[in-house]
Amino acid sequence: MPQNSPSSSGLPMDWMEVLDRVQDALTRAEAEAAEREKAFPRDALDVAREDDSQVPLSACLGRLDGALQAIEAGMAEKEQQSIAMHGELQASEDALCKWLGAVQAAQQCLANWGKSEV
């Protein structure tokens with residue numbers, strides 16, 4: 001990274017040093033990743049693919065069936081929770097409507113009370 005004076009970059013000199021260190025760390029990390037990639041055994045991927053192809057179709061379908069059953073069970077549970085929640089919401093709405101009716105009745109009573117004394 002080219003060294004800029006603090007006035008030309010707008011950053012203090014300390015920031016330039018920090019940026020240089022970050023650049024060095026990134027360069028080292030890139031080199032280390034390339035080394036790890038070279039050291040990775042390529043034939044391991046081929047063996048894994050061959051092993052996957054040897055798994056019987058019935059075993060795969062069995063795992064899929066189990067997953068689908070778990071999804072269906074979860075959906076049934078959520079449906080029951082939804083029904084229960086709907087009931088609670090309906091009860092809350094009914095109570096709120098009743099309360100609002102009482103408030104309106106009290107408001108009307110107070111409005112009429114003021115008129116009768118005048």
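Given the structure is predicted, the values throughout are model-derived calculations rather than measurements.
Residue-environment remark: CD (Glu30) stays at or below the threshold of 12 foreign heavy atoms within 6.0 Å. Heavy-atom contacts from other residues, nucleotides or ligands closer than 6.0 Å to CD of Gln90 number more than 12.
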- Checking side-chain contact (heavy atoms from CB on, under 4.5 Å) for the pair Asp24/Arg28: CA distance, chi angles, key distance, verdict? CA-CA 6 Å; Asp24 292 343; Arg28 280 193 309 274; 3.8 Å; yes

* To do: Determine, stepwise, if the pair Glu77 / Gln80 fulfils side-chain contact (heavy atoms from CB on, under 4.5 Å).
  => CA-CA 5 Å; Glu77 179 184 348; Gln80 291 302 315; 5.8 Å; no

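A distance-only check finds no donor-acceptor pair linking the side chain of Ser82 to the backbone of Lys78 [under 3.5 Å].
Distance CD/Glu35 to CD/Glu32: 9.0 Å, rounded to 0.5 Å. Within the model, atoms CD of Glu72 and CG of Leu68 stand 6.5 Å from one another, a figure rounded to the nearest 0.5 Å.
When the salt bridge (Lys or Arg N to Asp or Glu O under 4.0 Å) test is applied to Arg63, no partner is found at least two apart in sequence or on another chain. By the side-chain hydrogen bond (donor to acceptor under 3.5 Å, both in side chains) test, Gln69 pairs with Asp65, sequence neighbours left out.
Residues Glu93 and Leu89 form no side-chain contact, since every pair of their non-hydrogen atoms from C-beta on lies 4.5 Å or further apart.
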